[in-house]
Amino acid sequence: MRWNYRLFSQFNCTMGKRNFRKNKGGNKGFGKRAAAGNGIDREQSWTELVRENEKWEKYYKAMNIIPEEEWDTFKKHCQESLPLTFRITGSRKHAHEINDNFIKNHVSKLKDVEFEGQSLSPKNLAYYPNNLGWQLDVSKTVIRKNPEFAKTQRFLVIETEVGNISRQEAVSMIPPLLMDIKPHHAVLDMCAAPGSKTAQLVEALHQGDDEVAPSGFVLANDSDYKRSHMLVHQVKRLNSANFMVVNHDAQMFPRIKLNNTQEYLKFDRILCDVPCSGDGTMRKNVNVWKDFTIGNALGLHPLQVNILNRGLQLLKKGGRLVYSTCSLSPVENEAVVAAALRKWGGQIRLVDCSNELPGLVRRNGISNWTVYGKDVEPRERGAEDVSESVFPPTEEEAKTFHLDRCIRVYPHLQNTGGFFITVFEKVDPASEKETPAKRPNEETAEVESKKQKVEDEKIKPHPQGPQKVPRNANEEPFNFLSEDNSELQKCWPFYDFASEFPKDCTLVRNATGEPLRTIYYVAPIIKDLLTIEEQKLKIIHAGIKLFVSQRNDSGDCPWRVQNESLHTIKHYLGGKRQVSCNLKLLEHLFQEGFPKLLDIRQAGIDPEFCEKIDQLDEGCVFLNVSRGDDLEDLFLPLWKGKTNVNLMVNKKDTHELLYRVFGIETSAKDSSKETAYNKKVEDEKKARESADVETVTEAETATEVEQTPEAPEEKQA
């Protein structure tokens, strides 16, 4: 089977990090492709790649992981493109509203539609909670080209842009779902970029934050500086004050000790989604067919063992660590798990997840496999060119390791990519009867892990050491402000902040330490991490924008509250700066930029709003909109000027809310209401100037006529 490989090489793997690191940071949304730039049809210019690899087929047949009677179906699925999958994000009320909207306006209309004999009807991912995961058994190319999908395409684009939908592979969603994250947990994502799984972790942490803000945090790490910033972009849309990004080699992730504590910080949950050969992604990354070699797995094995061991060292007793790859090779999967079980003995165990995610069709992990060298010839224990830890466990070890508790996901089982997941639990020795000889202390384990890293350095193809740092790599400092800061003292009473709000958790990102343009907010636990005296963390990102300076000549507060912090601070705000409006006025505010209060009052759209807004000083106001019928109420920022108001919602959010609340469809080419307003003002200005010019011209002409002497009568005659 032949396929256009350049299309897929644009996209970075969203699952276990592939070793093929080219074209990192590709767009994974539903948006437009880049233009070809030379007038040539890009599809015609793509080269084709044969989706066949003799070494791959020989190797996996020899592994015997796929029953012989299933092989043809397995291979056929591997050669086909992936279906389009996405999930409705978050646990907030609007997630179910968006899901219901999708079912009512899109799923129902595509129910009987086919393309080349293939059904276009979306279907739920059987294992994703609350029916918020979706799969369409066609590629994105079909969706873009099929007119039946035009409105659905627009819906997906809008909701993806505002963060209500996450375009993510079905199997990539599995590891976070098995972590069982609670709002109080300390969570570490060791190899986080590009960030689709990290976003799930943040969403899980914020479960129930409509009632109480989470006290835990998600610390996302990646060894690559540029990918760390891509990670920020991916997760920033979730507007979490409990999220932080750092840049470290996961094998040597630093221990963290908070101020005024004796113990090092340990994590309740750790995601260890390690760099891997990525041969389970051949449906999307078709370069796998061309580049597959057995040496990829052999070379990455030591790195994977090191990262897993470091994660186990950082895991709290009773905590849960999820190890995952997008590879099918036991060398990268069960062999790595067995190496950790062998090292840690009774301090860790594998969790039986057979009763979790009941809709997931899976296969058990394996305890026996053949090890091949790079020459595709079998190897025996003691071979010099392969690590001892890549071999299967002994018969005695297999009885205690329970590798059958590992989860293998194959493409033909539910039309997905290939994936491997294992859930570790760190046992509390005080409550378990273990063999002391099999329980190395953590410091010894750390030394051994580092020693193994050095010994295996020569065969590691993907070093995690120092890299060339970009010229813009100097991150701005995190300078916290006193809650008594003169600028903050203008904000607290103006916006009626409650005394319970953590006013000492505001900061600025500049060398002066003074609030010049933007003031950020972080959760108290993130402040604790940022203010460690002996700081070892290389911090890339933390905090959400709370206030931005706004020119306000006559108002009491020159600082405007930012949209991204509204959900966090909503419960701390009193009613002093809050007003309500009806849906009719809201629709008007979404579509009209800077409408005059006099016009709103004369139109009689919402007299109660007009009465309340007249009593408030100039500046930022919070707009409450009750929608009823168990729908999500809206809480939006509004700017009140001397004679007008303006809803401070960006173009993308405006388009999404116009469709979700009012059913009004928009186009990506539509201008924002502010742009339309500015154009209107400019046109009126030009019209006045033109009118003034005409008036002056007429006056000058009239003057010239008056001053022109009349010709003598005889000459006129």
Side-chain angles (χ1 to χ4, degrees), residues 17 175-176 179-207 209 213-225 227-236 238-259 261 263-274 307-316 319-324 424 426 464 475 478 505 507 520-544 568:
K17 314 305 181 291
M179 293 181 70
D180 189 29
I181 293 173
K182 305 299 182 186
H184 64 276
H185 280 163
V187 183
L188 172 64
D189 190 347
M190 298 188 75
C191 309
S196 57
K197 297 185 193 68
T198 313
Q200 276 184 271
L201 305 183
V202 174
E203 291 167 29
L205 188 79
H206 283 270
Q207 294 177 76
D209 69 347
S215 57
F217 65 94
V218 173
L219 183 61
N221 174 67
D222 200 85
S223 63
D224 187 282
Y225 179 83
R227 284 168 60 87
S228 298
H229 279 276
M230 179 171 62
L231 172 64
V232 173
H233 177 75
Q234 172 80 354
V235 184
K236 197 173 184 295
L238 297 176
N239 301 329
S240 173
N242 301 64
F243 173 64
M244 184 169 163
V245 178
V246 293
N247 173 216
H248 290 277
D249 178 352
Q251 301 170 99
M252 308 290 287
F253 192 87
R255 292 186 298 177
I256 302 170
K257 183 184 286 187
L258 299 178
N259 297 335
T261 60
E263 301 293 329
Y264 286 103
L265 176 69
K266 294 296 178 74
F267 294 88
D268 299 281
R269 298 289 186 268
I270 296 179
L271 176 58
C272 195
D273 188 47
V274 297
I307 294 176
L308 175 56
N309 277 320
R310 188 55 179 156
L312 291 169
Q313 290 160 8
L314 298 169
L315 185 65
K316 184 183 294 185
R320 181 176 277 204
L321 179 149
V322 173
Y323 174 85
S324 61
F424 288 88
K426 201 168 193 179
Q464 300 280 296
E475 303 294 332
F478 293 82
C505 291
L507 60 93
Y520 298 86
Y521 170 78
V522 295
I525 183 60
I526 297 296
K527 180 183 178 182
D528 292 342
L529 290 169
L530 290 172
T531 54
I532 294 174
E533 292 176 358
E534 298 181 5
Q535 186 62 269
K536 296 180 180 179
L537 294 173
K538 293 186 287 185
I539 302 165
I540 300 296
H541 166 84
I544 55 176
T568 300

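Sequence positions, counted from 1, serve as the residue numbers for this chain.
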So which heavy atom on Gly195 is nearest to which on Leu231, and how close? CA-CD1, 3.5 Å
Does this structure show an ion pair linking Lys197 with Asp189, if we count only N-O contacts that are shorter than 4.0 Å? no
Under the side chain to side chain contact (heavy atoms under 4.5 Å, CB included) criterion, do Tyr225 and Ile540 qualify, and how do the steps go? CA-CA 9 Å; Tyr225 179 83; Ile540 300 296; 3.6 Å; yes
Is the closest side-chain heavy-atom distance between Val274 and Leu308 below 4.5 Å? no
Gap between atom NE2 of His185 and atom NZ of Lys316 - 0.5 Å precision: 7.5 Å
Measure across Arg255 and Lys536 and return the closest heavy-atom pair with its distance rounded to 0.1 Å. O-CD, 4.1 Å
I'd like to check Pro194 versus Gln234 (side-chain heavy atoms, cut-off strictly below 4.5 Å). Are they in contact? no
Could you grab the distance from atom CE of Met179 to atom CD of Gln200, nearest 0.5 Å is fine? 10.5 Å
Are side-chain heavy atoms of Ile525 and Ser215 found at a separation under 4.5 Å? no
Side chains of Phe243 and Thr198: does their closest heavy-atom pair fall under 4.5 Å? yes
Is the shortest heavy-atom distance from the side chain of Leu219 to the side chain of Met244 under 4.5 Å? yes
Atom of Asn242, atom of His206 and distance for their closest heavy-atom approach: OD1-CE1, 3.9 Å
Side chain to side chain contact (heavy atoms under 4.5 Å, CB included) between Leu529 and Phe478: does it pass, once the steps are laid out? CA-CA 11 Å; Leu529 290 169; Phe478 293 82; over 6 Å; no
Heavy-atom nearest pair, Asp209 first then Pro214, reads CB-CD, 4.0 Å
Whether His248 and Phe253 hold their rings parallel, tilted or perpendicular, with breakpoints at 30° and 60°: perpendicular
Are Ser240 and Val235 packed together at the side-chain level, in the sense that at least one heavy-atom pair is separated by less than 4.5 angstrom? no
Is the closest side-chain donor-acceptor distance between Asp222 and Ser228 under 3.5 Å? no
Counting only N and O atoms by type, is there a donor-acceptor contact under 3.5 Å from the side chain of Asn247 to the main-chain atoms of Ser223? yes
Heavy-atom closest pair (Ser324 atom, Leu271 atom, distance to 0.1 Å) is OG-CD1, 4.3 Å
Less than 4.5 Å apart, side chain to side chain, heavy atoms only: is that true for Cys272 and Ile307? yes
Can you sort out the partners of Lys182 under salt bridge (Lys or Arg N to Asp or Glu O under 4.0 Å), two or more places apart, ordered by chain and number? Asp180
Hey, does the side chain of Thr531 reach the backbone of Lys527 with a donor-acceptor pair shorter than 3.5 angstrom? yes
Side chain to side chain contact (heavy atoms under 4.5 Å, CB included) between Met190 and Arg310: does it pass, once the steps are laid out? CA-CA 9 Å; Met190 298 188 75; Arg310 188 55 179 156; 4.2 Å; yes
Say you draw a straight line from CG of Leu188 to CZ of Phe217; how long is it, rounded to the nearest 0.5 Å? 8.0 Å
Min side-chain heavy-atom separation Val245-Ile539 under 4.5 Å: no
Per side chain to side chain contact (heavy atoms under 4.5 Å, CB included), Val202 is matched among Val218, Ile181, Val187 by Val218
When every non-hydrogen atom of Leu201 is compared with those of Pro176, the smallest separation belongs to CD2-CB, 3.8 Å
Is it true that a side-chain atom of Asn259 and a backbone atom of Glu533 form a donor plus acceptor pair closer than 3.5 Å? yes
Candidate pair Asn239 and Thr568, rule side chain to side chain contact (heavy atoms under 4.5 Å, CB included), full reasoning: CA-CA 8 Å; Asn239 301 329; Thr568 300; 6.0 Å; no
